[in-house]
Amino acid sequence: MTSESKPAHFLQNIIREDLAEGRVSQVVTRFPPEPNGYLHIGHAKSICLNFGLAREFGGTCNLRFDDTNPAKEEEEYVASIKQDVSWLGFEWADGAKYTSDYFDQLHEWALHLIREGKAYVCHLNPEQAREHRGTLTEPGKNSPYRDRSVEENLALFEQMKNGEMAEGECSLRAKIDMAAPNINLRDPVIYRIKKMAHHQTGDKWCVYPSYDFAHGQSDAIEGISHSICTLEFEDHKPLYDWFIENLPVPARPRQYEFARLNLNYTVVSKRKLKQLVDEKHVDGWDDPRMPTISGLRRRGVTPAAIRNFCEMIGVTRSDSVVDVGMLEYCIRDDLDKNAPRAMCVIEPLKVTLTNYPEGQKEMLSAPGHPVREDLPARELPFTRTVYIEQEDFREEANKKYKRLVLGKKVRLRNAYVIQAEEVVKNEAGEIVEVLCSVDLDTLGKDPADGVKPKGVIHWVSADDNVDCEVRLYDRLFDHPAPDAGGRNFLDHVNPENLKVLTGCKAEIGLAKAEPEQGYQFERNGYFCRDNKYGSAEKPVFNRTIGLRDSWAKEQNK
RNA sequence: UGGGGUGUAGCCAAGCGGUAAGGCAGCGGGUUUUGAUCCCGUCAUGCGUAGGUUCGAAUCCUACCACCCCAGCCA
């Protein structure tokens, strides 16, 4: 192991010190999604952080569904979240957990606060509560119900719990300080009435704890040593600590905040993603253009690429916008190392090798990967007629064009050197076929005259191939900040984010390609079979990401 | 005009008083049966601004500026 290790980020430093100084004996973290939507690339950062820290320090990480609001949550999301976390390569400690598992305990603690005179039932409705809360610059006013007796509060809370009060009629509030400069401390609601079934607890409750009252205590119950959340919860930390200090909790977890991921050319808000789905800009939540984990998976992005990306971007407390190019780099990097190579002609041009016997077929062997010898070689049928890419032939071209040119030579990748002799055109003047001669003495060696062709192009036998559809995906948006600065993100959907090509010809082995198995279609990009469309005979391949293309860059100069 | 945060290259990010790591992107070159990969080189006299302390400041002090978050019975 000679690789220089990456410098530790602030959370690693904190944990290291906590361990060294005995404040913490066992690292326990948690990833606490609310089951109200699909996970996306932003969640991946949190997942990698929490599970990664636990793994790094020999601890454990819980998957805890933060399900305190039955109005917004559904069982459906629980399953997809579990699948996505596992797919990313992480295992949660002993069974998925739910904040709702602790509703009894939380209720007990609410009673405890009431008995201590630190919580009261407030009959201010939501609008009145807002008026009493004050503003950012003015202190709030005490609720007229703030000084109810313990007995009265106990009785009233019991009625709330028993469904004897209407939703919004009253709430249970912590008695802290209506003049606190931190608005979260102005007697926050800790229990509200919601007369609806919960996906885990059914009809058992009609009062549900708020996030603030549930989160820290759940952390304490689970023995979470480091409760990591995003920056917007920073103002909640004093409240988090207040509950921990005022309740007989079994542990004293600490909250730490980090900056959430922002990616340019990308939108992740649930509302906007839903709009893209609803208005058919994409095919669904798992559309390959979506930044959801399921979309990335269908696109052919690997878990390792996402993990490496999360490692690469670091963990800090400063707001930042990561260039999506970094994600793309990580995707290419992983796929380059691991994806088997294959050939696929996306826009076919017929090439007939006039000096190759009609009806003859020979099998040529091609390596599965340029350096990975563990990836099996493939067999490529070679015949008199083959297809090459339309853009790989020109009747005339300058020296920079290193492909097939009339009268010139080029190598067919993994096969022979050919020379273009004649062009066949249709009435419209379009090139429909190129007649070439093949030099059969060039398999694995240069032509006898010693002149090495300067180009290599990919090809597929016209007689023995897999007819397929190829979907070329590009960035969903063509603006780096589609939803910033008052812009309407829908105005910046990239009109060329998808190009569907049919009649593409892939090498025969690709007939049995499996979804999620990425391939490099040489000289083209990385592709994987779609898990939703296509048939056994006619697969659909999604382009995960193109190869870096310095030729295109050169041409754009 | 309240409270809480954050400012190091186009982007991400180390640095914690001893003279600006690394990665992405870019640029130049080499290898190559993928215009890929890989390899080499290059890329901040400068750390939000202005002062101050010090032999020495991105690091300490003061003031200012910019940006982000908070007024759900959402999380």
Considering every strand and a 4.0 Å limit on heavy-atom distances, what is the contact class for Tyr191(A): base, sugar-phosphate, or nothing? nothing
Within less than 4.0 Å of OP1 or OP2 of A75(B), is there a side-chain N or O belonging to Arg260(A)? no
Decide whether a cation-pi geometry holds between Lys237(A) and Tyr256(A); the criteria are a distance under 6.0 Å from NZ or CZ to the six-membered ring centre and an angle within 45° of the ring axis. yes
At 4.0 Å (heavy atoms only), tell me whether Arg411(A) reaches a base, stays on the sugar-phosphate, or touches nothing. base
So, does Lys553(A) get its side chain near the phosphate of G26(B), meaning an N or O under 4.0 Å from OP1 or OP2? yes
Distance-only donor-acceptor test, Arg523(A) side-chain atoms vs U34(B) base atoms, 3.5 Å: no
Any Thr137(A) side-chain nitrogen or oxygen under 4.0 Å from OP1 or OP2 of U1(B): no
Looking at U42(B), which nucleotide sits across from it as a Watson-Crick or G-U wobble partner, both distances under 3.5 angstrom, or is there none? G26(B)
Taking any heavy-atom pair under 4.0 Å as a contact, classify Ala415(A): base, sugar-phosphate, or nothing. base
How would you label the contact of Glu138(A) with the nucleic acid (heavy atoms, under 4.0 Å): base, sugar-phosphate, or nothing? nothing
Check every atom of A13(B), A71(B), C11(B) against the side chain of Asp323(A) and return the nucleotide holding the closest atom. C11(B)
Which part of the nucleic acid, if any, lies within reach of His236(A) when heavy atoms closer than 4.0 Å are counted: base, sugar-phosphate only, or nothing? base
Do the side-chain N or O atoms of Arg317(A) get closer than 4.0 angstrom to the phosphate oxygens (OP1, OP2) of A13(B)? no
Does this structure show an ion pair linking Arg186(A) with Asp177(A), if we count only N-O contacts that are shorter than 4.0 Å? no
side-chain N/O Ser320(A) vs A13(B) OP1/OP2, d < 4.0 Å: yes
Of G3(B), G23(B), A71(B), the nucleotide closest to the side chain of Pro181(A) is G3(B)
Under 4.0 angstrom, heavy atoms only, what part of the nucleic acid is Cys330(A) near: base, sugar-phosphate, or nothing? nothing
Pick base, sugar-phosphate or nothing for Met326(A), based on heavy-atom distances below 4.0 Å to the nucleic acid. base
